[in-house]
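Residues take their numbers from the sequence shown, with the count starting at 1. Numbering of ligands and ligand atoms starts at 1, following listing order.
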Amino acid sequence: MSSPSLLIRRARIVLPSGELIVGDVLTRDGQIIKVSPSDIDETSTRVIDADGLTLLPGVIDPQVHFREPGLEHKEDLFTASCACAKGGVTSFLEMPNTRPLTITQEALNDKLERASNKCLVNYGFFIGATADNLSQLLHARPTCGIKIFMGSMHGPLLVDPQETLEAIFASGEILIAVHAEDQSRLRQRREEFANIHDVAIHSQIQDNQAALIATQRALKLSKKYRRRLHILHMSTAEEANLLREDKPSWVTAEVTPQHLLLNKTAYEEIGTLAQMNPPLRTSHDNEVLWQALLDGVIDFIATDHAPHTLEEKAQVYPKSPSGMPGVETSLALMLTAAQEGRCSLAQVVNWMSTAVASAYCIPNKGLIAPGYDADLVLVDLNSRKKVRREELVTKCGWSPFEGWNLTGWPVTTIVGGEIVYDRGELNTKVRGKPLSFER
Ligand code: DOR
């Protein structure tokens, strides 16, 4: 029996070529069946009049921390996936620093089970590397990759001894994603600046050099073993310049909207809400990262959605935790940048969907074309609306971008052909599917 069909009428559609047409899209059984510049003449279960709206492939956010299991007071898979649906994010890849840590097949299975019960959008999970879980890393399935915290972490997920890193890079084939900050430099600088409680010191402690050293190290290991490497949330001009000079074809890199759009001046305005790892840098770093993204040195965008409660964030530095939420605002932020002429609409689609699907080998996602999954988002590029704390659905209840006046807000989000968000209303009955990673 075929599932309900959906006909989207007269949308501005971003085609795989990047070209924009006005036309219709028909979906059935969770897939895109037809894309046409003329009216599709078919009776459909549901019709959306998309006149004046722009249809994009749903965002795939390749780095989020959704806190379940174990840290649900900050966020959980249900609330996070609601925030995704509202933000136009139809798939996510989630990190292993939950409680328990996602460092075994059993913990991975538990997350997949929880997500199948609770997630409004599609999901995939990283497995975390430790000093002694290599056999788990070798056989974990399905996973988007192995996450290594080379720094900025404590407990078993911190992996920085050379021999452990060598062993992980030498064994198996799946993608390795690194949080690249050099732990020994961070340790030494934390001691040096231990008595300073102004959060602005965070960027000085975890400085550009700490990020560069770790990225250089990961790159070297990746070249030695020809191992697929992804550099998470690249934050410095130095790393971007390094990759511009020397980026093997099997290496990819991402940047967050906050590392493109915010810098150290944010501490003056929002204090510890601007604290994250790797830290915010300077306007020079912002510019160099933008150029690297435009030139293809950086491949795509991730939010590093890392919610903490306002109460936790109100603690005095360095007790205040690092991290900020992002899935609800990332698409509108990038579409606003496009409207301001920083990049094109087609580039935003590539960075937030197509290139992510391609880097993680996620089949049938990231394009609006027949045969692709009907994960779509209709956005309004004709109006602007401010980010307002009271409208956020992430459990942490705040955003570093409050007050920013953005365009491109999602009007309707579609996951597997089902409407999961429409004009302010979430359909919490919709469930996403596990992503697959074909290698
Ligand atoms: O700022 C951050 N917070 N960076 C990370 O990599 C981890 C994250 C968290 O889980 O809170």
Is it the case that ligand 1 has an N or O less than 3.5 angstrom from some N or O of Asn97?
yes

Cation-pi geometry met for Lys147 and Phe149 (6.0 Å, 45°):
yes

Check each heavy atom of Gln275 against ligand 1 and say whether those closer than 4.0 Å belong to the side chain, the backbone, both or neither.
neither

Look at the aromatic rings of Trp404 and Phe401 and report parallel, tilted or perpendicular, splitting at 30° and 60°.
perpendicular

What is the ring orientation for His230 with Phe300, classed by angle as parallel under 30°, tilted 30 to 60°, or perpendicular over 60°?
parallel

If the cut-off is 4.0 Å to any non-hydrogen atom of Met276, which atoms of ligand 1 fall inside it?
1 (O)

Considering only heavy atoms, does Met324 approach ligand 1 within less than 4.0 Å through its side chain, its backbone, both, or neither?
neither

Once you restrict to heavy atoms under 4.0 Å, what part of Leu232 touches ligand 1? Side chain, backbone, both or neither.
neither

Under 3.5 Å between some N or O of ligand 1 and some N or O of Lys147?
no

State the atoms of ligand 1, each with its element, that fall below the 4.0 Å cut-off from a heavy-atom position in Ala306.
3 (N), 8 (C), 9 (C), 11 (O)

Among Lys395, Lys74, Arg114, salt bridge (charged side-chain N to carboxylate O under 4.0 Å, His left out) partner for Glu68:
Arg114

Tell me whether the count of non-hydrogen atoms from other residues, nucleotides or ligands lying under 6.0 Å of CZ in Arg190 goes above 12.
yes

N or O contact, Gly323 vs ligand 1, cut-off under 3.5 Å
yes

So, 4.0 Å and heavy atoms of Arg67: is ligand 1 close enough to count as a contact?
yes

Is there a polar contact between ligand 1 and Ser322, counting only N or O atoms under 3.5 Å apart?
yes

Quick one: which ligand 1 atoms are inside 4.0 Å of a heavy atom on His179?
6 (O)

Pair Tyr372-Gln31, side chain to side chain contact (heavy atoms under 4.5 Å, CB included): steps then yes or no:
CA-CA 6 Å; Tyr372 278 74; Gln31 286 203 325; over 6 Å; no

